Amino acid sequence: EPEVTQTPSHQVTQMGQEVILRCVPISNHLYFYWYRQILGQKVEFLVSFYNNEISEKSEIFDDQFSVERPDGSNFTLKIRSTKLEDSAMYFCASSPLGQGDYQPQHFGDGTRLSIL
Amino acid sequence: AQSVAQPEDQVNVAEGNPLTVKCTYSVSGNPYLFWYVQYPNRGLQFLLKYITGDNLVKGSYGFEAEFNKSQTSFHLKKPSALVSDSALYFCAVRDMNRDDKIIFGKGTRLHILP
């Protein structure tokens, strides 16, 4: 069964540095998402992406964050200047459809981001 | 605003006994409801969903969930628990009339005792 893959599995970065988290969604999926889970807390929506643009973003997704689909297969989350509170598990997800006949989102195994 | 509540941080069940993991939700429109499971060091895996139709939905690994509109609940159930069911379970909701964002509950840790 096709899977969403995320790299790296663990990223350690100095505060203030830029970090890029990478995801390869399932190939025929059209919608892409990033979520984060701070240790011990609930999964939080960050952003959804469709047709090469952001379709929705949460209040967490401020100007420090950006997403890109650079080459038709990868989907990246960039944090421009990391803060300690960005330390979390970041999950990428994809789904074949959005509204209408709703299909569940498929999640990757996550990237654990540790900010020092 | 959409919200999901999972009132129990942890549920302990003896192997072979039935299990229930509780979830209540709040949306302004009609809900899409989901259960996901998270094993250690893994991503969220889809278990089942309710979109419309029968209130009792069946999913992966023998799990089922019952949609109760009057109680705004979507409890996860399994008739006979296995030790391998031990994991973190997330209830999630999407407002049918809104965009694709899913709101997750905080999760319930299910511990099956051998």
Side-chain angles (χ1 to χ4, degrees), chain A residues 1-7 9-10 21 23-26 29-51 53-61 89-112, chain B residues 1-10 23-25 27 29-53 57-60 63 65 67 74 87-109:
Chain A
E1 185 176 329
E3 293 183 339
V4 175
T5 56
Q6 290 185 243
T7 56
S9 57
H10 191 190
L21 309 182
C23 169
V24 179
I26 295 173
H29 284 188
L30 301 176
Y31 285 80
F32 313 109
Y33 312 84
W34 283 101
Y35 294 84
R36 79 173 185 191
Q37 185 181 27
I38 295 172
L39 186 63
Q41 299 186 25
K42 64 182 180 181
V43 178
E44 300 173 293
F45 169 81
L46 290 178
V47 65
S48 60
F49 190 87
Y50 169 71
N51 200 25
E53 61 183 23
I54 291 173
S55 53
E56 187 174 4
K57 60 182 180 180
S58 72
E59 60 277 7
I60 302 169
F61 194 89
M89 181 74 89
Y90 287 80
F91 291 103
C92 174
S94 68
S95 65
L97 288 170
Q99 305 220 4
D101 181 16
Y102 187 76
Q103 298 297 320
Q105 296 174 18
H106 297 254
F107 286 78
D109 285 345
T111 293
R112 182 169 297 284
Chain B
Q2 300 161 252
S3 66
V4 178
Q6 292 181 244
E8 303 151 318
D9 290 335
Q10 179 161 316
C23 172
T24 58
Y25 66 91
V27 296
N30 292 316
Y32 288 156
L33 294 156
F34 307 87
W35 276 100
Y36 285 86
V37 59
Q38 185 181 23
Y39 297 101
N41 301 314
R42 296 298 306 276
L44 298 169
Q45 293 182 36
F46 170 75
L47 277 181
L48 51 78
K49 67 180 179 182
Y50 171 82
I51 304 296
T52 186
V57 293
K58 295 186 184 298
S60 307
F63 283 93
F67 171 63
F74 189 57
L88 192 56
Y89 290 80
F90 290 91
C91 182
V93 67
R94 174 184 165 239
D95 188 328
M96 195 181 292
N97 299 319
R98 288 180 53 120
D99 220 320
D100 306 313
K101 178 174 65 177
I102 293 180
I103 303 299
F104 288 86
K106 64 179 174 60
T108 298
R109 187 165 301 281

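Each chain gets a letter, A, B and so on, in the order its sequence line appears, and its residues count up from 1. None of these values were measured; they are calculated from a predicted model.
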Next on the checklist: If the test is side-chain hydrogen bond (donor to acceptor under 3.5 Å, both in side chains), which one of A:S94, A:S95, A:S48 qualifies with A:Y33?
Outcome noted: A:S95

Checklist entry - With a 4.5 angstrom heavy-atom cut-off, which part of A:Q6 approaches chain B: side chain, backbone, both or neither? => result neither

Checklist entry - Looking at B:Q6, B:Q45, B:Q38, which one has more heavy-atom pairs under 4.5 Å with chain A than the rest? => result B:Q38

Item to check | Between B:I103, B:L88, B:L44, B:V4, the one whose heavy-atom pairs under 4.5 Å with chain A are most numerous | outcome: B:L44

Item to check | Within the 6.0 Å centroid threshold, strictly below: B:Y89 and B:F63 | outcome: yes

Next on the checklist: For A:Q41, give me all partners under side-chain contact (heavy atoms from CB on, under 4.5 Å), at least two apart in sequence or on another chain.
Outcome noted: A:I38

Next on the checklist: Suppose we screen for salt bridge (Lys or Arg N to Asp or Glu O under 4.0 Å). Which residues come up paired with A:K42, at least two apart in sequence or across chains?
Outcome noted: none

